[in-house]
Every structure is written in C-alpha cells, then in structure tokens.
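What follows is a set of notes on a single structure, which appears directly below.
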Amino acid sequence: MISSSTRTSDTEIESVITAPPPSYTATTQVHSRLKSFFYPGTQSPYPHTPELPSFNVPEDFDVASQKGFKSNSWFTPSLKSPKGIRRVASAPNANKLLFAKQQQPPPTPSLYRHNEISSVSLQSKAFRRTYSSASIKIKKLQVGPSSFVKIRMLGKGDVGKVYMVKQKNTDKLFAMKVLSKREMIKRNKVKRALAEQEILATSNHPFIVTLYHSFQSQDNLYFVMEYCMGGEFFRALQLRPGKCLNEEGAQFYAAEVIAALEYLHLHGFIYRDLKPENILLHQSGHIMLTDFDLSKGSSPPGNPGVVKSTSPHLPPSIDTKCCVNNLRTNSFVGTEEYIAPEVIKGCGHTSSVDWWTLGVLIYEMMYGTTPFKGANRNETFHRVLFCDVTFSHQPAPYQQHTPTSNCKSLIRRLLHKDEARRLGSRAGASDIKSHPYFKTVNFALLRHEVPPILPLVQMPNGIDAINFRKMPPDSCSLDLERDLVTPGKKEEQTNPFEKFSSMTLYHEGDSDSD
Ligand SMILES: Nc1ncnc2c1ncn2[C@@H]1O[C@H](COP(=O)(O)OP(=O)(O)OP(=O)(O)O)[C@@H](O)[C@H]1O
C-alpha cells in the first residue's frame with residue numbers, strides 16, 4: 001500500500017557516538033565472495049497540467065527507532081537523533097485501494113492507468129533460472145526452524161517479520177525472514193515471495209544480502225539471511241546532521257548502489273524499490289541491498305553487450321541494459337516519493353526506473369529530503385510528472401559543501417522524465433559510471449574503501465549492534481521449536497508454494513562449502 005511519507009522532527013539522544021573502528025574479521029566471508037564479483041539535460045517541458053486525481057489511500061507507515069552510528073573522519077558526529085517515518089512500498093492491490101477510496105472513476109486514463117497484473121513480455125514462460133552457479137552451491141536443506149533461537153524482532157512487513165536469530169550449534173547470528181502463507185495468499189503476494197527467493201538464491205554479490213537457507217513449514221516461508229549488523233541506511237541518514245551527507249559520502253553510497261543494480265540488471269532483474277529503507281549496512285559499513293519482493297525478472301535474461309565509451313580515451317564498457325531489454329512491466333509498484341513518472345502514468349516501465357530512483361536517492365542523501373515531495377500524495381505525483389527538479393533547497397546548516405555542478409548534472413540526467421533520454425537508457429550502469437561525478441571513483445575497489453559511516457557495534461557478539469526501528473514486543477506465537485519443515489508437495493496442485501525451494505546455499509569462500 002502506498003503511504004504518506006511525512007517525517008517528524010529531531011529529538012535528543014543521550015550520548016555522542018564514539019567507538020573503535022569495527023573489526024573487519026567478520027567480513028571475510030563477504031571479502032572472499034569478491035572473487036566472483038562482476039565489476040568489471042534538461043527536463044521535458046509539460047506545458048499542460050491536467051487536473052490531478054485524488055489518491056486517498058489510508059495512511060500506513062511505521063515509525064523508525066533511534067540508534068547511533070560512528071562517522072569516519074569525513075563527518076562530524078551527530079548529537080541529535082531524529083525520529084523518522086519509514087516509507088513503505090505499494091502493495092499489489094494499491095491501485096484498487098487508490099481508486100476504491102475515490103468517489104469518481106480514475107481520471108485521465110492515459111495518464112493514470114494502474115494495472116494490477118504485470119504484463120511482461122516473456123521470451124519463454126517456461127524459463128526458470130538454475131540456482132547453482134560457479135560460486136554458489138546448492139545443497140540439501142541442512143537446517144530447520146528448530147536449528148535457530150529467536151533473539152529479537154528486527155523488522156516487520158505486512159506479510160511477515162524479520163528476526164535476529166542465533167544458530168544453535170554455531171552461535172552464528174542470522175536474519176530470519178518469516179512470511180505467513182495465509183497473509184501472502186490473502187494479499188496476493190505469493191508470486192512476490194517466489195520472486196524474492198529466486199533473486200536471493202541466484203545472487204552472489206557483496207552489496208546484496210546473502211541467503212543461506214530457505215524452507216517452508218505448513219504455515220510459513222523462511223529465508224535465513226546474513227544479519228546486517230549496521231542496521232538500516234535510512235536510520236543512518238536520519239541521524240546525520242541535516243539528515244544528509246557531504247558529496248564524498250553520497251558519492252560512495254551511490255557507487256555501491258550502482259554496483260548492486262548493475263549486478264541485478266546483468267542477471268535480468270529490475271529492482272524497482274530503491275530507497276534508503278531498503279539499504280542495510282553490513283558491520284563493515286558497506287551497503288547490502290535487501291527486500292526484493294517488488295523486483296521483476298526477465299525470463300530469460302538477455303546477454304550483456306559491449307558499447308563504445310563516450311570518451312575516446314576510455315575503453316569500451318559493458319552494456320547491461322540489453323540484459324533486461326525484453327522486460328517491460330506495468331505494475332504500479334514503488335514508493336511514493338521515489339516513484340518514476342512512467343510508473344505513475346501506467347504506460348509500462350523498464351530498468352530505467354532503477355536509474356530514476358538512484359537520482360532521487362542521491363538527491364535525498366545530499367539535501368535530506370526528496371526532490372518531488374509534496375504536502376500529500378497527489379501533490380507528490382503531480383510534481384514527479386510535471387515539475388523540474390530544483391536545487392533551491394538551502395543546503396543543510398551542517399553540510400560542508402553545496403553540491404557541485406557535476407552532482408547536480410548527474411541528478412538532473414537521472415531524473416529525466418523521459419525514460420528514453422534518462423541517463424542509463426543507452427547501456428545501463430556504464431552510462432552512469434562514466435559521468436564526471438564518478439571520475440574519482442574506482443568501482444572495482446569499492447569494497448576496500450573505508451565507508452563514511454561506521455556502524456557502532458557495542459557488543460562483541462553484535463547482538464546489541466542495533467540501528468533498527470524500535471519494534472513493539474513480538475506478539476507473534478511463532479514457535480521455532482515446533483514449526484516443522486514441510487516439502488512443497490508437487491502432487492498438491494493447488495499448493496501455491498510448491499515452487500518455493502527448500503535448500504541450503506554455500507557461497508564460494510564459505511569455510512564449509514565443500
Ligand atoms: N539481513 C538483514 N539484516 C538485518 N536486518 C534486516 C535484514 N533483513 C531485513 N532486516 C530488517 O527487517 C526490515 C524488514 O525487512 P524487509 O523489508 O525485507 O521485510 P518485508 O516484510 O519485505 O518488508 P516490507 O513489507 O517493507 O517490504 C528491514 O527494514 C530491516 O530493518
């Protein structure tokens with residue numbers, strides 16, 4: 001469901017954040033996976049502004065909690081901690097709700113067509129990715145719910161919860177996402193859970209959260225993932241003075257996000273829900289993209305191509321746009337302030353939506369607010385469709401620099417209303433990486449940079465390393481001891497979860513991967 005995104009003001013936190021730099025020993029697993037890591041103008045004028053429809057959707061948002069981060073030397077530690085409102089993405093039936101609440105039928109059909117079901121051009125409907133790759137090995141499931149002990153709830157979505165759990169025999173911490181089958185059926189989210197499993201199980205990238213096990217019981221689907229001790233990037237941003245970063249900091253996170261999106265596009269997936277809420281921080285401070293339930297896969301993915309560089313001095317670069325070229329989808333998905341114009345128009349969208357959301361993210365990192373945010377949803381959508389991005393916001397008082405012209409030029413080119421002219425529409429990530437804004441960034445060595453924000457790890461075991469929203473007490477009756485793994489039975493033709501694979505994944509470099 002699309003929700004309001006108003007955020008509230010600052011409140012004091014008790015202490016200045018100081019801690020020794022985090023140890024990198026816990027990151028060796030991620031480092032070892034690096035081996036398989038692939039790195040290898042102006043706005044359209046809209047003279048006529050139509051009458052806006054009214055988008056009266058019930059409010060549905062969570063309040064973010066407060067915790068600390070340590071900044072590296074690029075930043076002044078924050079003394080103030082704001083409360084933040086976490087923005088949620090649209091649900092599959094969002095358009096139904098949007099218009100159900102209205103007295104009148106949706107106006108301007110050509111502009112506001114919100115289709116419930118994606119119409120994706122598939123080369124082959126039967127195509128199904130094989131999970132196993134050179135760097136990921138699939139094994140028979142080696143755990144079940146009772147192999148873990150719940151420690152605390154980390155997050156909550158509308159069909160499930162995410163817990164910090166400890167594996168009994170190893171004491172290792174994991175994030176366990178538990179999705180209720182009943183809720184998924186009720187909310188028409190089964191396909192999304194299957195898509196999320198497919199993406200997590202096929203991805204092996206340092207900036208994408210790692211899946212270790214997936215299984216199902218009678219009532220639930222389980223994902224056992226790497227626990228990101230640094231918590232939510234959204235929280236980290238909220239804690240910054242002015243809720244923003246300086247240009248160097250924004251550049252760092254933008255570069256890591258580009259690397260993750262490039263990898264997803266290369267594998268035929270469009271992410272579609274980029275926002276600070278879906279970026280987690282690893283203990284090392286590097287990002288990990290999460291929450292793939294709105295992502296869409298191209299079946300099969302196209303082959304990457306090679307494009308000439310825009311500069312005669314640079315070598316040719318990889319074209320990842322052609323990996324997702326056969327994917328044009330029509331669902332009304334995304335998060336209000338991050339939604340691209342073509343998604344609002346309902347005329348179909350492509351991988352370019354990810355580059356639009358990148359533009360919004362960079363703007364938010366620089367200015368502490370999003371570029372088209374209006375007083376309400378109608379106004380936000382109107383601005384997304386018809387208003388040019390402006391840089392008139394006063395830079396936050398704590399900000400060390402005003403954004404450079406390169407930064408503004410990049411944002412403008414990413415926020416081009418015409419997706420065909422948006423930066424990234426030619427060859428994908430390569431177009432963006434070669435923008436002058438990134439001329440000092442070495443994308444291949446990002447993982448070896450010291451991140452601008454270093455998560456504060458208070459306890460050696462990481463259990464208290466919490467930069468998550470404050471969760472209400474867990475009223476859920478989920479009993480890991482009693483919830484037994486069930487196979488997704490093939491003979492039950494009506495079982496919508498038949499394709500949810502139960503498996504254990506080993507990643508190249510894991511100590512026990514043989
Ligand atoms: N691997 C992880 N490590 C640490 N925390 C996590 C991890 N995965 C998820 N979380 C926490 O749980 C929250 C919810 O996770 P996620 O967005 O994947 O769940 P969801 O049920 O799909 O939520 P939504 O309905 O918002 O899509 C995250 O914002 C984060 O706070």
Side-chain angles (χ1 to χ4, degrees), residues 1-3 5 26 29-30 60-67 84-94 150-166 172-181 183-184 187-190 192-197 199-200 203 206-214 220-238 271-284 286-295 333-336 338 455 457 462-472 474 476:
M1 174 184 317
I2 295 186
S3 81
S5 55
Q29 226 165 40
V30 175
D60 176 16
F61 48 73
D62 307 323
V63 178
S65 66
Q66 301 164 34
K67 273 286 164 181
I85 305 297
R86 189 171 186 267
R87 296 155 298 193
V88 295
S90 67
N93 291 333
K150 264 197 278 178
I151 296 178
R152 62 186 292 265
M153 190 157 70
L154 295 169
K156 194 169 176 305
D158 51 1
V159 296
K161 291 175 180 164
V162 180
Y163 297 95
M164 180 200 291
V165 295
K166 188 155 77 169
K172 271 191 199 162
L173 294 177
F174 291 95
M176 177 188 267
K177 185 164 175 170
V178 187
L179 302 174
S180 153
K181 287 183 176 177
E183 287 301 314
M184 271 184 284
R187 292 166 194 260
N188 193 19
K189 283 196 161 188
V190 176
R192 286 166 194 269
L194 297 177
E196 184 159 26
Q197 186 193 38
I199 294 175
L200 285 171
S203 297
F207 304 145
I208 293 176
V209 77
T210 311
L211 179 71
Y212 290 104
H213 313 277
S214 62
N220 300 306
L221 299 185
Y222 287 84
F223 293 98
V224 179
M225 302 172 285
E226 172 147 11
Y227 164 51
C228 297
M229 250 173 232
E232 299 178 0
F233 179 61
F234 175 70
R235 294 281 310 121
L237 255 191
Q238 295 275 308
Y271 182 45
R272 304 203 298 182
D273 199 18
L274 181 65
K275 57 181 172 181
E277 288 87 331
N278 285 341
I279 299 172
L280 299 177
L281 294 179
H282 186 262
Q283 184 191 350
S284 62
H286 290 277
I287 69 148
M288 289 201 133
L289 228 50
T290 187
D291 201 357
F292 295 92
D293 60 355
L294 293 189
S295 304
V333 294
T335 297
E336 186 181 319
Y338 274 74
V457 181
I463 286 174
D464 282 351
I466 39 178
N467 291 301
F468 296 96
R469 286 169 285 154
K470 270 197 184 111
M471 284 289 132
D474 183 17
C476 158

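Counting starts at 1 for both ligands and their atoms, following the listed order. Quick caveat, the model's predicted, so the values are computed rather than measured.
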Answer yes or no: does an N/O atom from K177 fall short of 3.5 Å to an N/O atom of ligand 1? yes

For L179, which part has a heavy atom under 4.0 Å from ligand 1: side chain, backbone, both, or neither? neither

With sequence neighbours left out, the residues meeting side-chain hydrogen bond (donor to acceptor under 3.5 Å, both in side chains) with Y222 are D483

Judging by distance only, is a nitrogen or oxygen of Y227 under 3.5 angstrom from one on ligand 1? no

Would you mind listing which atoms of ligand 1 come within a distance below 4.0 Å of any non-hydrogen atom of D293? 22 (O), 27 (O)

Counting only nitrogen or oxygen atoms and a 3.5 angstrom limit, does C228 reach ligand 1? yes

Ligand 1 versus V159, non-hydrogen atoms closer than 4.0 Å: side chain, backbone, both, neither? neither

Counting from 1, what ligand 1 atoms have a heavy atom of L154 closer than 4.0 Å? 4 (C), 5 (N), 31 (O)

Tell me every residue that passes side-chain contact (heavy atoms from CB on, under 4.5 Å) with V162, counting only those two or more places apart in sequence or in another chain. L154, A175, K177

Any nitrogen or oxygen of K156 lying under 3.5 Å from a nitrogen or oxygen in ligand 1? Just yes or no. no

Could you list which atoms of ligand 1 come closer than 4.0 Å to a heavy atom of E226? 1 (N), 2 (C), 3 (N)

Would you mind running through ligand 1 and noting each atom that sits below 4.0 Å from a heavy atom of A175? 1 (N), 2 (C), 3 (N), 7 (C)

